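Input: a single structure, listed below in structure tokens.
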Amino acid sequence: MSWEENVRRAVPYTPGEQPGSADIIKLNTNENPYPPAPSVTEAINKIAPKEYSLYPDPEISVLRESLAGYFGLQKEQVFVGVGSDDVLALCFLTFFNGGKPILFPDITYSFYDVWAELFRIPYEVRPLRADFSIDPADYEGDWGGIIFPNPNAPTGVLETPETVEHIIRANRQAVVIVDEAYIDFGGVSVLPFLEKYDNLLIVRTFSKSRSMAGMRIGFALGSEKLISYLSDVKFSFNSYTMNLPALRAGVASIEAEDYFRKTLAKIVATREWTKKELEKLGFTFPDSKSNFIFATHKSIPAQELFAVLKDAGIYVRYFRKPRIDNYLRISIGTEKEMHALIDFLKNYISCQ
Ligand SMILES: *Cc1c(COP(=O)(O)O)cnc(C)c1O
């Protein structure tokens, strides 16, 4: 017998590339092209050296209170973790603990099946319709749990609150997790449903809309009961998950509401401009309410475009997976970056 037989084997998630070079136009990981509010970096700079030698608050009180106030909830309804990937992994561990399979769409965030495999949670996928929307009837039944992003990733498709409510109502026996990583870019949140459904958990992140992927802040909103179960698992794992700079920066970001709204408006305007330009060049895509566009070209294969864009220093994301292997996921960068992308594509397509 070898020690290797006792190893928990995992097939890890593959994140988008983080190139070292500064002159790459990076449209491959849905980061925000704008910096966070100046008050965010000021808050970090104001930390006294002495404060670094102390453990941070294990209750994460200041940030949870700030988020609770912002969303009109109680602090006991807010859980904060090291990016939403950390929060989601803890959610899988905490809530998807029965013998019945959990469900998620066939085309979705590619971390879900990784966590299900890691924690040995049985799961099934349900195919999205041809237009990449969810058929809520697919989620009726006695399942162990449900999870999907809204808007979905990597498609950008937003589901209506009615569709989400249908799924929650059909699954009162299980926890339904709605991953709202991209909701700030024009979606309608299901936040108001928290009053009605104690099995609904909403997960969000500071990484995309709040320009803070590097700080690693994610959070979950739900009933007091759900949050307390989640919190028990966290405290059974690592009490001090959030570092002090992240706590201070998070609070500063929540307080900088004007800056936040202005940044979002810029990205949405650039997204709408990019949609029009891509259409002119022969691309089609499901309408996106996120900070990326999931596009396919009428004649040039996505894999070819991915390669030539990369050679030109423009990184986008390509997934070699069934149903979506002819699509590119293009994050919305600054106006200047998107002009460079469109100019390159115009030139490349006209030479075909
Ligand atoms: C980016 C993303 C996350 C994870 O974001 P964090 O940086 O870990 O907060 C979670 N879900 C979806 C759908 C995402 O696209």
Side-chain angles (χ1 to χ4, degrees), residues 12-18 26-33 36 40 60 63 67 78-93 96 102 104-116 118 125 128 132 134 146-159 164 176-187 189-190 201-221 230 234 241-243 246-247 249-250 253-254 267 271 286 288-294 316-319 321 324 327-333:
Y13 170 79
T14 324
E17 263 179 275
Q18 294 291 3
K26 200 172 169 306
L27 309 175
N28 67 336
T29 50
N30 298 342
E31 288 145 323
N32 197 311
V40 169
I60 316 175
L63 185 50
L67 285 164
V78 183
F79 179 89
V80 171
V82 191
S84 58
D85 285 340
D86 176 56
V87 177
L88 288 164
L90 283 173
C91 287
F92 271 61
L93 192 58
F96 298 160
I102 63 161
F104 45 85
D106 63 337
I107 302 165
T108 195
Y109 188 37
S110 39
F111 227 135
Y112 298 160
D113 58 346
V114 173
W115 288 314
L118 178 67
V125 297
L128 294 176
F132 293 144
I134 287 178
I146 310 285
I147 180 160
F148 55 91
N150 193 37
N152 199 1
T155 63
V157 172
L158 177 76
E159 298 295 344
V164 180
V176 176
I177 301 176
V178 183
D179 180 351
E180 292 192 337
Y182 300 101
I183 200 72
D184 292 324
F185 299 102
S189 173
V190 292
L201 195 76
I202 298 171
V203 176
R204 295 219 193 160
T205 175
F206 280 53
S207 297
K208 280 67 183 240
S209 58
R210 292 192 176 274
S211 313
M212 288 168 73
M215 288 311 289
R216 312 305 301 128
I217 308 174
F219 58 101
L221 309 172
L230 195 53
K234 170 210 137 141
T241 49
M242 302 304 293
N243 64 63
L247 296 182
S253 167
I254 294 295
I267 293 168
R271 176 186 74 204
S288 168
K289 291 286 182 205
S290 59
N291 69 335
F292 56 85
I293 297 171
F294 198 53
V316 298
R317 194 86 196 261
Y318 173 72
F319 301 93
K321 287 190 173 174
I324 57 169
Y327 282 81
L328 295 176
R329 192 196 67 190
I330 306 166
S331 308
I332 304 301

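Every number for a ligand or one of its atoms is a count from 1 in the order of the listing. Keep in mind it's a predicted model, so treat the numbers as computed, not measured.
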Exercise. Is there a donor-acceptor contact under 3.5 Å linking the side chains of Lys26 and Thr29?
Worked result: yes
Problem set entry | Distance-only polar pair, side chains of Thr108 and Asn152, donor-acceptor under 3.5 Å | yes
Seminar exercise, completed: With heavy atoms and a 4.0 Å threshold, my read on which part of Ser84 contacts ligand 1 is both
Seminar exercise, completed: So for Phe111 against ligand 1, with non-hydrogen atoms under 4.0 Å, the contacting part is neither
Exercise. Got a donor-acceptor contact below 3.5 angstrom from the Asn150 side chain to the Glu159 backbone?
Worked result: yes
Exercise. Do side-chain atoms of Asn32 reach the backbone of Lys208 as a donor and acceptor pair under 3.5 angstrom?
Worked result: yes
Problem set entry | N/O separation below 3.5 Å, Tyr109 to ligand 1 | no
Exercise. Counting both backbone and side chain atoms, is some N or O of Tyr112 under 3.5 Å from an N or O of ligand 1?
Worked result: no
For this session: Classify the ring geometry between Trp115 and Phe111 as parallel (under 30°), tilted (30 to 60°) or perpendicular (over 60°).
Result: parallel
Exercise. Is the closest heavy-atom distance from Phe206 to ligand 1 below 4.0 Å?
Worked result: no
Exercise. Under a heavy-atom criterion of less than 4.0 Å, does Gly218 contact ligand 1?
Worked result: no
Problem set entry | Aromatic centroids of Phe96 and Tyr112 separated by under 6.0 Å | no
Exercise. For the rings on Tyr182 and Phe292, is their centre-to-centre separation under 6.0 Å?
Worked result: yes
For this session: Just do the side chain to side chain donor-acceptor pair (under 3.5 Å) check on Asp85 and Tyr13 with the steps written out, would you?
Result: CA-CA 11 Å; Asp85 285 340; Tyr13 170 79; over 6 Å; no
For this session: Taking only heavy atoms of Gly83 into account, list the atoms of ligand 1 that are under 4.0 Å away from them.
Result: 8 (O), 9 (O)
Seminar exercise, completed: A student checking ligand 1 against Ala181 at a 4.0 Å heavy-atom cut-off should list atoms 11 (N), 12 (C), 14 (C)
Heavy-atom nearest neighbour in the protein, as seen from [atom], with distance rounded to 0.1 Å:
{"atom": "atom 8 (O) of ligand 1", "result": "Arg216 NH2, 2.8 Å"}
{"atom": "atom 14 (C) of ligand 1", "result": "Lys208 NZ, 3.0 Å"}
{"atom": "atom 15 (O) of ligand 1", "result": "Tyr182 OH, 2.5 Å"}
{"atom": "atom 7 (O) of ligand 1", "result": "Ser207 OG, 2.6 Å"}

Exercise. What do the steps show when you test Arg210 against Asp184 for salt bridge (charged side-chain N to carboxylate O under 4.0 Å, His left out), and what is the final call?
Worked result: CA-CA 9 Å; Arg210 292 192 176 274; Asp184 292 324; 5.3 Å; no
Exercise. Relative to atom 13 (C) of ligand 1, which among Ile217, Asp179, Asn291 owns the nearest non-hydrogen atom?
Worked result: Asp179
